[in-house]
Student: 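Structure in structure tokens, see below.
Please read these numbers as outputs of a predicted model, since none were measured by experiment. Hydrogens, waters and symmetry mates are skipped; everything else that's a heavy atom, side chains included, is used.
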Amino acid sequence: MAASTTSLSATFSSLSFNHHHHPSFLSSLHPSFPVPKHLQKPLSLRHKLTPTKVNPSDINTIFFDNTDSEEISTFSPPERPEDFVPPPSFDEGPFESEDEIAKAYEELYGAAYSGETFLGNDVYSMDSKVKKTTGFGSKSKKEKVRDGFEERVVQVRRVTKVVKGGKQLHFRAVVVVGDKQGQVGVGVGKAKEVIGAVQKSAVNARRNIITVPMTKYKTFPHRSEADYGAAKVMLRPASPGTGVIAGGAVRIVLELAGVENALGKQLGSNNALNNARATVVAVQKMRQFSEVAEDRGIPMEELWK
């Protein structure tokens, strides 16, 4: 036992311990090994970090030893190869045609205002009939489309929608459009402003255009009755010089359709929209004498026999 202890002491005495060895490491080698007192303290107390001082003489601040600040240096480009061809200048070469310029413009910004496309794309360009104009203190406005149809506002009402945060106020407009030559349509639209509601209803009315059958005396070919909802409308032909004897929405629809002699009566509800649509339904039920004779396969003279 004494011999082993002596050999361990000789082994550790030959090792040079530095400040990095920890006492737990030394004690783990042999439990009877004595740990020096300067290593028994914690590592944080035995060593304190001190900032390193830099000597100014150690810093090299010389960068260009062999250059002269007053010397003028010249740039010598490399030599050009034998097969070098200089590029053409901006003003030389083939100029672009107007079609090529238009195609390049269309790729960047879309079709022109005229609606012509050079690339063959299905694009929605601005209609030449509708132009946007802006005014001071007002939003963009649209001019009326000049397509031969007249517009007349039948009714404008305020409608309220109850939502989670409160109530939303909108305007509902009923508009009738017609060319006074047998074409008429009824439309309805809603918007937060009256102008927007009228524009929407006019567009909706143009999508629902119907043809009114009339005789040479500008009247109906025969009687007709129809209802829409709770509204019921009765239409009757009249002799020349009678005029349009009707009221409310029925009169507006007949006048814009071009009917000059007719009798109309509202028998049900007094709702303007339902009466206007009931008038359209009654007109769609009418048929010309020539159509009936053609369906029956007989001449028109035999219709009254």
Student: Which atom pair, heavy atoms only, marks the closest approach of Q155 to A272?
Tutor: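 Answer, listing the atom of Q155 first, then A272: NE2-CB, 3.9 Å.
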Student: Does a sphere of radius 6.0 Å around CG in N270 hold more than 12 heavy atoms from other residues, nucleotides or ligands, not counting ones at 6.0 Å or beyond?
Tutor: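 No, CG of N270 has 12 or fewer neighbouring heavy atoms, counting only those of other groups under 6.0 Å.
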Student: Answer with yes or no whether the hydrophobic clustering places I209 together with L254; edges join I, L, V, M, F, W, Y residues whose side-chain heavy atoms lie under 4.5 Å apart.
Tutor: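 Looking at the clustering, L254 is in a separate group from I209.
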Student: So do the side chains of H222 and V292 get within less than 4.5 Å of each other, counting heavy atoms only?
Tutor: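 The answer is no, as the side chains (C-beta and beyond) never meet within the 4.5 Å cut-off.
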Student: Answer whether the closest heavy-atom distance between the side chains of V283 and P213 falls below 4.5 Å.
Tutor: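 V283 reaches P213 side chain to side chain.
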Student: Hey, are the side chains of V154 and V253 touching, using non-hydrogen atoms and a 4.5 Å cut-off?
Tutor: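 Heavy-atom side-chain distance check fails, nothing below 4.5 Å.
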Student: What are the two closest heavy atoms between N204 and G187, and how far apart are they?
Tutor: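 It is OD1-CA, 3.2 Å.
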Student: Would you check, one step at a time, whether the test side chain to side chain donor-acceptor pair (under 3.5 Å) holds for E260 with T219?
Tutor: CA-CA 6 Å; E260 297 180 359; T219 185; over 6 Å; no
Student: Hydrophobic clustering (ILVMFWY, side-chain heavy atoms < 4.5 Å, transitive) - are V177 and V156 grouped together?
Tutor: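 Yes; tracing contacts between hydrophobic side chains, which count when under 4.5 Å, links both residues.
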Student: Does any part of the side chain of V184, heavy atoms only, come nearer than 4.5 Å to the side chain of I210, both counted from C-beta?
Tutor: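 Yes, side chains in contact.
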Student: For F149, is there any backbone N or O sitting under 3.5 Å from a side-chain donor or acceptor partner on D179?
Tutor: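 Not at all, since once roles are kept as given, no pair shorter than 3.5 Å links the two residues.
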Student: Looking at every non-hydrogen atom in both residues, tell me the closest pair between L303 and F289 and how far apart they are.
Tutor: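 Here L303 and F289 meet closest at CD1-O, 3.6 Å.
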Student: How far apart are the closest heavy atoms of S201 and G189, and which atoms are they?
Tutor: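 Smallest interatomic distance, heavy atoms only, reads CB-N, 3.4 Å.
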Student: Has the side chain of N261 got a donor or acceptor atom that lies under 3.5 Å from a matching backbone atom of T242?
Tutor: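 Yes, the answer is positive, given that a donor and an acceptor are paired below the 3.5 Å cut-off.
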Student: V175, I252: one ILVMFWY side-chain cluster at the under-4.5 Å cut-off?
Tutor: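 In one cluster with V175: I252, no.
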Student: Can you spot which of L235, L263, I245 makes a side-chain contact (heavy atoms from CB on, under 4.5 Å) with V250?
Tutor: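 Running side-chain contact (heavy atoms from CB on, under 4.5 Å) over L235, L263, I245 with V250 returns exactly one hit, L235.
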Student: So with a 6.0 Å cut-off around CD of E294, is the heavy-atom count from everything else above 12?
Tutor: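 Not buried by this count: 12 neighbours or fewer within 6.0 Å.
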Student: Is it the case that one hydrophobic cluster holds both V186 and V212, taking links as side-chain heavy atoms less than 4.5 Å apart, direct or via other members?
Tutor: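 Yes, V186 connects to V212 through the hydrophobic network.
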Student: Hey, quick one: are L273 and V176 part of the same hydrophobic cluster, counting side-chain heavy atoms closer than 4.5 Å, chains of contacts allowed?
Tutor: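 Yes, same cluster.
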Student: Quick one: does R251's side chain have a donor or acceptor within less than 3.5 Å of a partner on V244's backbone?
Tutor: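 Yes, R251 side chain to V244 backbone: donor-acceptor pair under 3.5 Å.
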Student: Using a side-chain heavy atom cutoff under 4.5 Å and only I, L, V, M, F, W and Y, what cluster partners does V281 have?
Tutor: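 Direct or chained contacts put V281 with Y228.
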Student: Any carboxylate oxygen within less than 4.0 angstrom of a Lys/Arg side-chain nitrogen, looking at K200 and E193?
Tutor: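 Answer for the salt bridge query: no.
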Student: Side chain of Q288, backbone of M214: donor and acceptor closer than 3.5 Å?
Tutor: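 Yes, the answer is positive, given that a donor and an acceptor are paired below the 3.5 Å cut-off.
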Student: Give the minimum heavy-atom separation between P221 and M286, together with the two atoms involved.
Tutor: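 The answer is CD-SD, 4.2 Å.
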Student: Donor-acceptor pair, S224 side chain versus A282 backbone, under 3.5 Å?
Tutor: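 Here the side-chain-to-backbone pair exists.
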Student: Apply side-chain hydrogen bond (donor to acceptor under 3.5 Å, both in side chains) to R152 and list each qualifying residue two or more places apart in sequence or on a separate chain.
Tutor: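 E255.
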Student: Got a sec, which residues hit side-chain hydrogen bond (donor to acceptor under 3.5 Å, both in side chains) with E225, two or more places apart in sequence or on another chain?
Tutor: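 E225 satisfies side-chain hydrogen bond (donor to acceptor under 3.5 Å, both in side chains) with R236 only.
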Student: Looking at side-chain heavy atoms only, is the closest gap between Q199 and E151 below 4.5 Å?
Tutor: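 No, side chains not in contact.
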Student: What distance separates H170 NE2 from K161 NZ, expressed to the nearest 0.5 Å?
Tutor: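 It is 7.5 Å, given to the nearest 0.5 Å.
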Student: Main chain of S269, side chain of N275: is a donor-acceptor contact present, judged purely on distance under 3.5 Å?
Tutor: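 The answer is yes, because a donor-acceptor pair under 3.5 Å joins these two groups.
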Student: Work out which heavy atom in A293 is nearest to a heavy atom in M300; give both atom names and the distance.
Tutor: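 Looks like CB-CG, 3.8 Å.
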Student: Surrounding CD of E79 (heavy atoms of other residues, nucleotides or ligands, distance under 6.0 Å), is the total greater than 12?
Tutor: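 It does not: E79 CD has 12 such atoms or fewer within range.
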Student: Decide side-chain contact (heavy atoms from CB on, under 4.5 Å) for R223 and M234; before the verdict, give the C-alpha distance in whole Å, the side-chain angles of both, and the deciding distance to 0.1 Å.
Tutor: CA-CA 8 Å; R223 299 180 178 183; M234 178 184 63; over 6 Å; no
